[in-house]
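Structure record follows, encoded as structure tokens.
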There are 2 protein chains.
Amino acid sequence: MSSILDVAKVAKVSKSTVSRVLSGNNYGVSEETKIKVEKAAEEMGYVKNYLASSLRTNQTKTILLIIPDVSNNFWAEVARGAQDYFDKMGYSLILANSDGDNNKQLKYLKMAQRNKVDGILINTNDTLLDEIQNTGLPFVLIGNANSTSRFPRVSSDSYEGIKRALEYLYDNGHRKIAMVSPSNKDSALSKVSNRVNSYSDFLESHKMEFKEEYFFCCQPNLKDGEELAVKISKMQNPPTAIIAANDLFAAGFINEAVRRKIRIPEDISVIGVDDIPLASMINPKLTTLEKPKHLLGKVAAETIISVIKGEEVIQNNKLPVNLIIRESSKSI
Amino acid sequence: MSSILDVAKVAKVSKSTVSRVLSGNNYGVSEETKIKVEKAAEEMGYVKNYLASSLRTNQTKTILLIIPDVSNNFWAEVARGAQDYFDKMGYSLILANSDGDNNKQLKYLKMAQRNKVDGILINTNDTLLDEIQNTGLPFVLIGNANSTSRFPRVSSDSYEGIKRALEYLYDNGHRKIAMVSPSNKDSALSKVSNRVNSYSDFLESHKMEFKEEYFFCCQPNLKDGEELAVKISKMQNPPTAIIAANDLFAAGFINEAVRRKIRIPEDISVIGVDDIPLASMINPKLTTLEKPKHLLGKVAAETIISVIKGEEVIQNNKLPVNLIIRESSKSI
DNA sequence: CTGAAAGCGCTAACAC
DNA sequence: GTGTTAGCGCTTTCAG
């Protein structure tokens, strides 16, 4: 492996000059020597050792991304969006899966300091904010728009999204609209959830009553979707529309509902959230609130680079979500 | 940021002693001083700078993973499997998406050298093998079991898997079994594809004839699956079973077949390949050959670490695939 | 415009 | 068992 010194010898200059040329920092290097150096480096197939460079400059051009799980399509898309942008900017992306576990997140944060990454992109709950700050590293939070806005954060605008979905249902004649909140009842009702806020604000502004029986707290997975279908199939006065926890949940709901002879969308319109690939593959194709997954990753990536550069960034950047109307919903 | 020297001062020892203790390399350090050093480091919240360490030791404890696309569930699972293992071993995982594009792969290979990763995990076609070797870095290939076996490689055993699926269909009375190959006809028939080899070997050993009309070459996606359903719906003598290009393809096939009043599995049994989450969510639930995605990543990770250590590794490690029987297939 | 020299924080001979 | 010293390969003053 040839070093800067080898290049210097071949080009018959000092290694500082080589460094000046090769780091792009060639203020005050004559065009002539510049070419001489570049040619020498090219000829001998020199590749710069970023490790040594980083040790000096204290920047690694590497970002740590901490997400719950890449094998969840949502996070995979976010990762992809981020990596695409980083790649363009000459950055590398270290991937870390936390499963939402605080201990794992702490472990990765520690690693970040040792490995000297330039910044951290993380999806986390509010309990770890202090520790994140204590790393002393630049960071950007991803997701959880409802949380504190003291820090740079990019997430999707669920408040507006849910409102959009409710408007669509309302305009199509629905008045008995059930809402599923992917959180526990306490935090949901304590005004911490954008989704619930959006729901209750909408009801209020449309002179509708908040009914406990149309409000559900469930885990955003297939199983809970199926369970809700069971529950609803037994209701005397079931809703005519439902906004699911997410697409997976909606898929489970539809499967079980159909098994119980509830027709979708004739009996109940269902709207998912996320727009995962599955959404357009099930039958009926799912109407859903599309979250800008890839964009979320890209904007988060842009933001962390801005933070690193010391630029001013938006503290709580909410990306618009989009209602995709497919086959699982209809007017009444 | 405190350094090893600060710790040395506090503990009143030399920095080499500190290094000896903190790098775990404490041969010939008295228990007493060891404790003294550890306490000092702990107190001042010292965190080791791996950059400096790496520059000296020439190892970064970082592996580069080059896959086509994380937002494809198959690769996401592989990435997750690898990262889980690396994490346990104290390694970091740099993620790179190539979209199968040679130029992108080359770019990442170049990066690997500069960033001094300890090794490379890559899914690639055979055209880039020389360039990969030329990096001088340890590497392990992922996937494409049918390709050259001159290098360490881990992939799933499609030959055996397809055989298993065929046996299942045969034992259940099927004699008109169609095969879809996710490659073009030339390479498929030129004995390069494990899948096709497995198919023709099976036919031969069961005294069945290879019929052109039951052999299809398609892209492994939803659209091509739908198209094949159209084609098959028009056949005079359609197959009673079909092994799809993959699960996505199978989903497309089923959707379109049902639309054309072909009953699955009553009229045609269909078997997918991959076992993506979708497989168990569509109706009917898909019988499929499950590839050991997570395991693939894990074993690849294990293997690269072995290669780095200079240990002997299996050159062409084929992981067993598993037939999951669900609802899309039945006996005749 | 270019070179000499110091040093980033760590490890690894080599002494004692 | 512990300290001294010389770098790893680069960037960056500081001279000239």
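Not measured: the values here are computed from a predicted model. Sequence lines set the chain letters: A, B, ... in the order given, protein chains first and strands last, and positions in each chain run from 1. Values below: every heavy atom of this structure, side chains too, minus hydrogens, waters and symmetry copies.
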Validation: residues 128-142 of chain A side-chain donor-acceptor distances under 3.5 Å, sequence neighbours left out:
| from | atom 1 | to | atom 2 | distance (Å) |
| --- | --- | --- | --- | --- |
| Asn134(A) | ND2 | Asp130(A) | O | 3.4 |
| Thr135(A) | OG1 | Ile132(A) | O | 2.6 |
| Thr135(A) | OG1 | Leu137(A) | N | 3.1 |

Side-chain donor/acceptor pairs under 3.5 Å, residues 300-310 of chain B, sequence neighbours excluded:
| from | atom 1 | to | atom 2 | distance (Å) |
| --- | --- | --- | --- | --- |
| Thr303(B) | OG1 | Val299(B) | O | 2.6 |
| Ser306(B) | OG | Glu302(B) | O | 3.3 |
| Ser306(B) | OG | Glu311(B) | OE1 | 3.2 |

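Taking Thr33(A) as the reference, Val29(A), Ser30(A), Lys36(A) meet the side chain to side chain contact (heavy atoms under 4.5 Å, CB included) condition, with sequence neighbours excluded. Looking at residues two or more places apart in sequence or on another chain, you find no side-chain hydrogen bond (donor to acceptor under 3.5 Å, both in side chains) involving Thr57(B). Applying the side chain to side chain contact (heavy atoms under 4.5 Å, CB included) rule to Lys12(B) yields no partners; only residues at least two apart in sequence or on another chain are considered.
Using a 4.0 Å heavy-atom cutoff across all strands shown, Ser54(A) reaches no nucleic acid atom at all.
Residue Lys36(B) contributes atom NZ, which lies 14 Å from atom P of dG1(D) at whole-angstrom precision. In this structure, the CD atom of Gln59(A) is 18 Å from the P atom of dC8(C), given to the nearest Å.
Residue pairs satisfying the salt bridge (charged side-chain N to carboxylate O under 4.0 Å, His left out) criterion with at least one member in residues 62-72 of chain B, sequence neighbours excluded, are listed as follows: Arg80(A)-Asp69(B). Residue pairs meeting the side chain to side chain donor-acceptor pair (under 3.5 Å) criterion with at least one partner in residues 39-54 of chain B, sequence neighbours excluded, are absent.
Between Lys298(B) and Asp84(B), the closest side-chain pair of non-hydrogen atoms is not below 4.5 Å.
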Self-check item: Footprint string (nucleotides 7-16 of chain D, 5' to 3'): B base within contact, S backbone only, - free, heavy atoms under 4.0 Å
Solution: BBBBBB----

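For the helix from dC1(C)-dG16(D) to dC16(C)-dG1(D), the angle separating the two terminal helix axes comes to 40°, with each axis derived from five pairs and the value rounded to 10°.
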